[in-house]
Amino acid sequence: MEMGNQKQNINVEVHVKSHSTAKLSEVRMHVQALLNRHSVVFGNYRWTEFDEDFLQTHVESVAILDLEEIVTQPLDLKSCSVSVHIFTLNEDGPSMLSLEEDEELSAANHWLLPAAEFHGIWESLVYETGVKMQLLDYVTTTIYFSDKNVDSNLISWNRVVLLHGPPGTGKTSLCKALAQKLSIRLSNRYSYGQFVEINSHSLFSKWFSESGKLVTKMFQKIQQLIDDKDALVFVLIDEVESLTAARNASQAGTEPSDAIRVVNSVLTQLDQIKRHSNVVILTTSNVTEKIDLAFVDRADIKQYIGPPSEKGIYNIYLSCLEELMKCQVIYPRQQLFTMFELETMGFAKSEVSELSLTLRNIALKSKGLSGRALRKLPFLAHALFVKFASLQTPTVSLERFLDAMSRAVDKQKEEKANLINGV
């Protein structure tokens, strides 16, 4: 499948077991041999079982990922340009970036990437086509331009991404997943990633009295991470509108003028660190109209992340049901069509199409629920509507579980309406 004379780019991510001592070159050689043996694939594909001992011992999974469109034709890897990315996950949880000797003031959480905690988030987030890949391409271009020493006075880019939209749409998760994905994709260029999460809410509630001093200290810590040129550093500022809120309140005289110093200090520090080629600043906001223009202007990409569409909801539910069938909460395992299959292939009546259409109807009436609520829904369906006497109780059939999900959606909608109407 070649586009003109340009080969299609295929990314293969190889997750090496954390206890493995195999050399990268060995892993690469064995993965290459695997891809040669199975060179025809049909869309995204993941191997977790292997037909040879070396991979079985050292490798958790080999995955062909992020093929943009649903591939209707088989893809021959031999005619594609294949990039293999090999990584192990860092098992440590977050550490605190602390500022004071007494260690009580925690400025931010800090992870080494790729982190076990962020594994699988990218795949779990379902948006309209293209959003995730656009963000990935944007940051890759940022780093490529820096590597090529493009003069940023002539061609302007700020290394700042702003994701905005209603709460519960996965903006923070997407930032974490994007950082994780890039630390894997750019592992030939950087030895590892660093991820620093600043919660601007706690920043301002705790530290008004301390003025901008602590902000400066925090950014000095971040600067130390950036000074290691083998590291790709991501800084996440969640709910960035609270910077602005603080600034507006202080101008209106309702907050100490200290507040404005803190905010100005943050903006100044952001301008300082984004000069470095190995840093990306990720920001989120639930209320875009409240962000001040000084900040919005700094963002190269302002991406709206809305509630999932019917198609997105269907895909989220499908992944949840697959997981419950894999874990045998739902049994026996039954096939469900993807939304793409449902839309394009016009199946004759069968149990598969009946169950898939039932799921589509559930997705349709789930519109308006946030991504966060959707992921919780299968749990609530089981807890509220699948009655079981003890933990030894037999599993539930897919048909019965879909009925429970349908009832759980009705209940969620009812509760949401009651909250809005103050019942």
Side-chain angles (χ1 to χ4, degrees), residues 94 97 107-111 113 118 121-122 125 127 131-132 134-143 156-183 193-205 207 212 215 218-219 221-223 225-226 232-248 259-260 262-276 278-306 371:
L97 273 191
N109 281 333
H110 167 234
W111 285 264
L113 298 177
F118 296 175
I121 300 178
W122 180 264
L125 293 167
Y127 297 114
V131 169
K132 292 196 296 188
Q134 272 169 14
L135 289 169
L136 200 52
D137 292 342
Y138 159 70
V139 182
T140 312
T141 297
T142 294
I143 287 152
S156 159
W157 75 97
N158 270 330
R159 300 176 206 291
V160 180
V161 175
L162 169 64
L163 303 184
H164 62 97
T169 49
K171 296 182 295 295
T172 305
S173 297
L174 181 52
C175 290
K176 289 176 175 173
L178 184 63
Q180 176 95 335
K181 180 64 83 175
L182 285 156
S183 68
Q194 302 267 13
F195 187 86
V196 179
E197 179 179 29
I198 300 166
N199 184 321
S200 41
H201 263 325
S202 65
L203 187 72
F204 294 113
S205 55
W207 296 346
V215 172
M218 175 175 62
F219 278 96
K221 291 266 186 186
I222 294 170
Q223 183 63 54
L225 302 178
I226 295 169
L232 179 56
V233 181
F234 296 90
V235 179
L236 168 64
I237 304 180
D238 241 342
E239 300 185 24
V240 77
E241 68 271 8
S242 53
L243 296 181
T244 318
R247 189 139 97 161
N248 293 347
I260 199 160
V262 177
V263 175
N264 288 341
S265 174
V266 169
L267 292 172
T268 307
Q269 297 289 343
L270 286 175
D271 288 340
Q272 294 282 319
I273 66 170
K274 70 172 193 235
R275 292 182 189 156
H276 299 272
N278 59 329
V279 69
V280 179
I281 295 158
L282 304 167
T283 63
T284 72
S285 171
N286 293 333
V287 280
T288 329
E289 64 278 5
K290 285 196 185 158
I291 305 178
D292 78 11
L293 289 170
F295 190 82
V296 174
D297 280 352
R298 285 169 168 76
D300 299 312
I301 278 204
K302 307 164 190 63
Q303 177 66 57
Y304 175 74
I305 306 289

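A distance of 11.5 Å separates CG in L232 from CG in L225, rounded to the nearest 0.5 Å. Expressed to the nearest 0.5 Å, how far NZ of K176 lies from CG of L113 amounts to 11.0 Å. Atom NE2 of residue H164 and atom NZ of residue K302 lie 8.5 Å apart, to the nearest 0.5 angstrom. Here the OG1-CG distance, from T140 to L135, works out to 10.0 Å after rounding to the nearest 0.5 Å. In this structure, CH2 on W111 lies 13.5 Å from OG on S183, to the nearest 0.5 angstrom. Going from atom CD1 of I301 over to atom OG1 of T283 covers 11.5 Å, rounded to the nearest 0.5 Å.
Shortest non-hydrogen contact noted between S173 and I121 is O-CG2, 3.6 Å. Shortest non-hydrogen contact noted between T268 and N264 is OG1-O, 2.7 Å. Across Y127 and G170, no two heavy atoms sit closer than the pair OH-O, 3.2 Å. The two residues E197 and A108 come nearest to each other via the heavy atoms O-CB, 3.1 Å. Contact between C175 and F195 at its shortest, heavy atoms only, is O-CE1, 3.9 Å.
Under the side chain to side chain contact (heavy atoms under 4.5 Å, CB included) criterion, P166 pairs with T169, Y304, P307, not counting sequence neighbours. Qualifying side chain to side chain donor-acceptor pair (under 3.5 Å) partners for Q223, counting only residues two or more places apart in sequence or in other chains: D227, H276. For the side chain to side chain donor-acceptor pair (under 3.5 Å) test, residues two or more places apart in sequence or in another chain that qualify with Y138 are D300.
With N278 contributing its side chain and I226 its backbone, the two residues share a donor-acceptor pair below 3.5 Å. The backbone N or O of I281 lies less than 3.5 Å from no partner atom in the side chain of K274, so there is not a single donor-acceptor pair.
A 4.5 Å side-chain heavy-atom check between R159 and I273 finds every atom pair outside the cut-off. The closest side-chain heavy-atom distance from V160 to L270 is not below 4.5 Å. Residues K221 and V196 form no side-chain contact, since every pair of their non-hydrogen atoms from C-beta on lies 4.5 Å or further apart. Between V280 and L182 there is no side-chain heavy-atom pair separated by less than 4.5 Å. The closest side-chain heavy-atom distance from L178 to F234 is not below 4.5 Å. Within the 4.5 Å cutoff, side-chain heavy atoms of I198 are placed close to those of I222. With a 4.5 Å cut-off on side-chain heavy atoms, Q303 and V131 count as touching.
Just one residue in the list I305, L162, T172 forms a side chain to side chain contact (heavy atoms under 4.5 Å, CB included) with T284, and that residue is T172.
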